[in-house]
Structure formats: C-alpha cells, structure tokens
Amino acid sequence: MSALAACLGVGAWLKNRACLWDGRRARWSALHGDLSEPQACEALERSAEALLAEARAQGLAVAAVAHDLHPDFFSTRLALELAARLGVPAIGVQHHHAHVGVALAEHGVDGPAVGLALDGVGLGHDGQAWGGELLYVGPGRERRLGHLRPLALPGGDRAAREPWRMAAAVLHAAGRGDEIVPRLAPRVGEAAAAGVAQLLARGLHCPPTSSAGRWFDAAAAVLGLCDRQQDEAEAAVALQRAAERHLAAHGATRPLDGGWRIDAAGRLDLLPLLQHLWAAHEAGQPAESGAALFHATLGEALVDWCGDAATRCGVRLAVLSGGCFYNVLLREQVTAGLAARGLKVLWPRDSGPGDAGLALGQAWVARHALAASRDAQGASFLNDDKTMEACPCA
C-alpha cells in the first residue's frame, strides 16, 4: 500500500469518535458520545466529512472505511455510504480485534501479539455477544484463541443494568437454579426473582455472552455491592473500590486455589471463584475481602491464560485493551504477571482502553488487511481459512 494511503475508522456505538490513520499519524474527530442520540449521529457524519476533506488537503488517498461488524449501528451504515461514494472497500472489523489494534497502532507495532480484550460487549464473528476475548493478532490476520465462559443474560440487555440478574445466571450455570428465589427475592422481590429463574430454566430471552463486564457485575451482585446500576460500570467500580479498601487495610490477597478452569477449547471458566464468593459472603466474609479475592484470582487466571497462549504462539508481546482495563488493580496485576513471564505488555495509554479509541484500531486493522489482501471486499478475509493457515496458534 502507498505510504500516502490512509484508512478512516468510524468507531462503534458507545463513546463514538472517528479517526483517520495513515500508518504514522492519527487524526481524531471530537468525541461524539453514544450514537443513541441523533445529535451524536449528525456530529459523526460531519466529523467524517471533515476528516475526508483533511485527507484530500494533505494529499492522502483514503483506501478504505472501517467500521464495527454490527450491521445496525449508525456508524456502520455511514461507513457503507462513504465507501460507496469514494469507490473504496467498507471493511467490517471485529470489535475486540479493533481494541487490540488501538494499542498496536499507538505504539507503532505491527505484531504479532496475543491480546486480552475485556469489556462489556461487542459483536463477534459468530453473531454472539463477545466481551472476554483472548486473541492472536498479526498484520492482516487474527484468531480467537479463547474466551470467558459464556453466561446467560436473563432479560437480554436488561441484565447489563441489573447485576442481580447476572448473579442469578451464575447460580443457574452452577446447576443451582432452585436457589435463585430464596437467595435473591429478599433483595429484588419475589416476582422479579421468580421471573428470572423461569427465564433461565426455560432458556427464554437469555442470550449467552462471554463478556468480562458481566462477570464483574455478577461478582458485585454476589457480594451485595450492587443490584441495580444507574451509571455505566457502576457495579464494576463498586467492586474495585471495595477491593482497594481491603488492600489498604490488609495488604495483598492471595488468589483462590482452584478458582478457575481452562478447558481444551481455551475457555476460561470463573464459576468456581463465584461459587466460593457466594459461600464465603453468606458465611460472613466482608464484601471487601471477597472483592479483593475476585481481583487477585481473576488477575492470576488472566496471566496464566494469556501467558500460556503466548508460549504456544511463539510471541513475546501481549496487549491489554477493552474497558475493563480502566481498572488499575486488574491492569497492574496482569501487566506485572505477564512481564514476569518475559512478555512485553502494551495498552492504549493515549486513546484509553475503552470504545472512545476504537476507530484507531479499526483503521489500523483495515490498513494492514488491505496490504495483505489487495482484493479485499469486506471483513471475511480477516478471519477466513487462508488467514488461519498463517496463524502459528492454529
């Protein structure tokens, strides 16, 4: 690809902003906010046009417009319209692949790397809700190496606003659905608890998700820290602050032995940890102690999971991204653990690990993908069989 070619990323849904990336410099729009607001959609459209005008003024040829895989996002529809007008490919980039790409772009690294992308949700290649992903990422190629054990979302998106529903999903996953009503009814009401128990038992309106954010929600609810949240990540923040109080008073906490499992398919299962937290909290263990144990055990599990994958893939670079890595306790523990295993660890310092930086990752992925596949027509070549043949983890 020409050194004067650039790609435009239009971001996703939350905390939207656009980015023009030429392989050396990122040109950002203002932050538009969430695309549920019409004003944010209009602002994105204006910003995209301004970035395209800037590219023309600086002699940059825009080679592609990159967007999220979700077909219903305004940003996706806008990308398709702009690409058609420009006569260039519109390239769909998987949400978590883009998260890893943000860090690689910021640090001027092409990979290969193993990436932990942990957040609330992003559409996966299989059409499912992803959010706890272990990826192999190289120039023009990527592979999902593993993911967190999926949990049911009883009531769909409502479960993301009501963490107690995720606590119910944990009980159901543990084969203890009959305990949902007696444990949760005193907190949320008999009718609500019974309704969710029935949804889970029948598998109705309970889509699965591998989201790390929902595991944080479940832990916060199990420990009685947050049953309903008014603000984004309220439960996760409450969990982190409780852990910090414990650490300030008592020092470091040892991870729970046997607190996680990794199966042959590369799925990381935190169910043993959550079951322990239920029992210990009901036996009188303070929520702060449980929160510290959750962080210590999750951090240790992520280090083992990611470190072992790096060894299998023969890479020495790890990337931490996604909104869960705003959690300083988690990020510092995982960084230190992976560094102790001889890995260089990167995270998106300038753009931040959340969705506000996603457009840079989209543009980074698209630019590398075009360089690797001149006949690219969309997202499929980013995760097809030929791409996987080139992946050392396959």
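As the structure is a prediction and not an experimental result, all values here were calculated from the model.
With a 4.5 Å cut-off on side-chain heavy atoms, L60 and R56 do not count as touching. Taking 4.5 Å as the limit, every side-chain heavy atom of F216 sits out of range of all side-chain heavy atoms of M166. With contacts defined as side-chain heavy-atom distances shorter than 4.5 Å, the pair W130/L123 does not qualify. In this structure, R331 and W347 have side chains that are in contact, with non-hydrogen atoms separated by less than 4.5 Å.
Of the candidates I91, L86, L80, L86 is the only one forming a side-chain contact (heavy atoms from CB on, under 4.5 Å) with V65. Of the candidates D269, V170, L171, V170 is the only one forming a side-chain contact (heavy atoms from CB on, under 4.5 Å) with L274.
The line from OH of Y136 to CG of L145 is 9.5 Å long, rounded to the nearest 0.5 Å. To the nearest 0.5 Å, atom CG of residue L135 and atom CD of residue E142 are 6.0 Å apart. Separating the CZ atom in R27 from the CH2 atom in W21 is a distance of 9.5 Å, to the nearest 0.5 Å. Between atom CG of residue D355 and atom NE2 of residue H95 there is a gap of 4.0 Å, rounded to the nearest 0.5 Å. Atom CG of residue L148 and atom CG of residue L271 lie 12.0 Å apart, to the nearest 0.5 angstrom. Taken to the nearest 0.5 Å, the CG atom of D157 stands 7.5 Å off from the NE2 atom of H205.
Not one N or O on the side chain of R261 forms a donor-acceptor pair closer than 3.5 Å with the backbone of L270. At distances below 3.5 Å, at least one donor-acceptor pair connects side-chain atoms of S75 with backbone N or O atoms of A12. Of the possible donor and acceptor atoms, one in the side chain of S210 sits under 3.5 Å from a partner among the backbone N and O of G131. A donor-acceptor pair under 3.5 Å links the side-chain atoms of D34 to the main chain of K15, judged by distance alone. Remark: the backbone N or O of G115 is not paired with any side-chain donor or acceptor of S321 at under 3.5 angstrom. Formation of a donor-acceptor pair under 3.5 Å by the T76 side chain with backbone atoms of D68 is found in this model. Side-chain atoms of Q229 come within 3.5 Å of backbone atoms of A160 as a donor-acceptor pair (strictly under, hydrogens ignored).
Under a 4.0 Å N-O distance rule, the pair E49/R85 qualifies as a salt bridge. In summary, D22 and R25 do not engage in a salt bridge, as defined by a charged side-chain N under 4.0 Å from a carboxylate O. A salt bridge is defined here as a Lys NZ or Arg NE, NH1 or NH2 lying under 4.0 Å from an Asp or Glu carboxylate O, and R341 with D308 meets this definition. Salt bridge E162/R165: present, at least one basic N to carboxylate O contact under 4.0 Å. Ion pairing between a basic and an acidic side chain is recognised when a charged N comes within 4.0 Å of a carboxylate O; R144 and E133 show such pairing. The existence of a salt bridge linking R228 and E234 is excluded, since no basic side-chain nitrogen approaches an acidic carboxylate oxygen closer than 4.0 Å.
Linking ILVMFWY side-chain heavy atoms closer than 4.5 Å, directly or via other members, places W278 and L225 in a single hydrophobic cluster. Under the 4.5 Å side-chain heavy-atom criterion for Ile, Leu, Val, Met, Phe, Trp and Tyr, I262 and V334 are members of the same hydrophobic cluster. Both V109 and W364 belong to a common hydrophobic cluster when Ile, Leu, Val, Met, Phe, Trp and Tyr are linked at side-chain heavy-atom distances under 4.5 angstrom. Connection of L116 to L329 is not established within any shared hydrophobic cluster, with ILVMFWY side chains joined at heavy-atom distances below 4.5 Å, either directly or through further cluster members.
Geometrically, R267 does not engage W305 in a cation-pi contact defined by less than 6.0 Å to the ring centre and at most 45° from the axis. At least one test fails for R187 against the ring of W164: distance under 6.0 Å to the centre or angle within 45° of the axis.
No more than 12 heavy atoms of other residues, nucleotides or ligands lie within 6.0 Å of CZ in R241, so this atom counts as exposed by the packing criterion. Around atom CD of E232, no more than 12 heavy atoms belonging to other residues, nucleotides or ligands sit under 6.0 Å away.
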Please report the C-alpha distance between L78 and E45 in whole Å, then the side-chain angles of each, then the deciding distance to 0.1 Å, and finally whether the side chain to side chain contact (heavy atoms under 4.5 Å, CB included) criterion is met. CA-CA 7 Å; L78 177 62; E45 193 165 9; 4.0 Å; yes
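Of the N and O atoms on the side chains of T209 and Q128, not one donor lies less than 3.5 Å from an acceptor on the other residue. Using a 3.5 Å distance cut-off with no hydrogens or angles, the side chains of E244 and Q240 do pair a donor with an acceptor. Of the N and O atoms on the side chains of S47 and H32, at least one donor lies less than 3.5 Å from an acceptor on the other residue. In this model, no donor atom of one side chain and acceptor atom of the other lie less than 3.5 Å apart for Q362 and H99.
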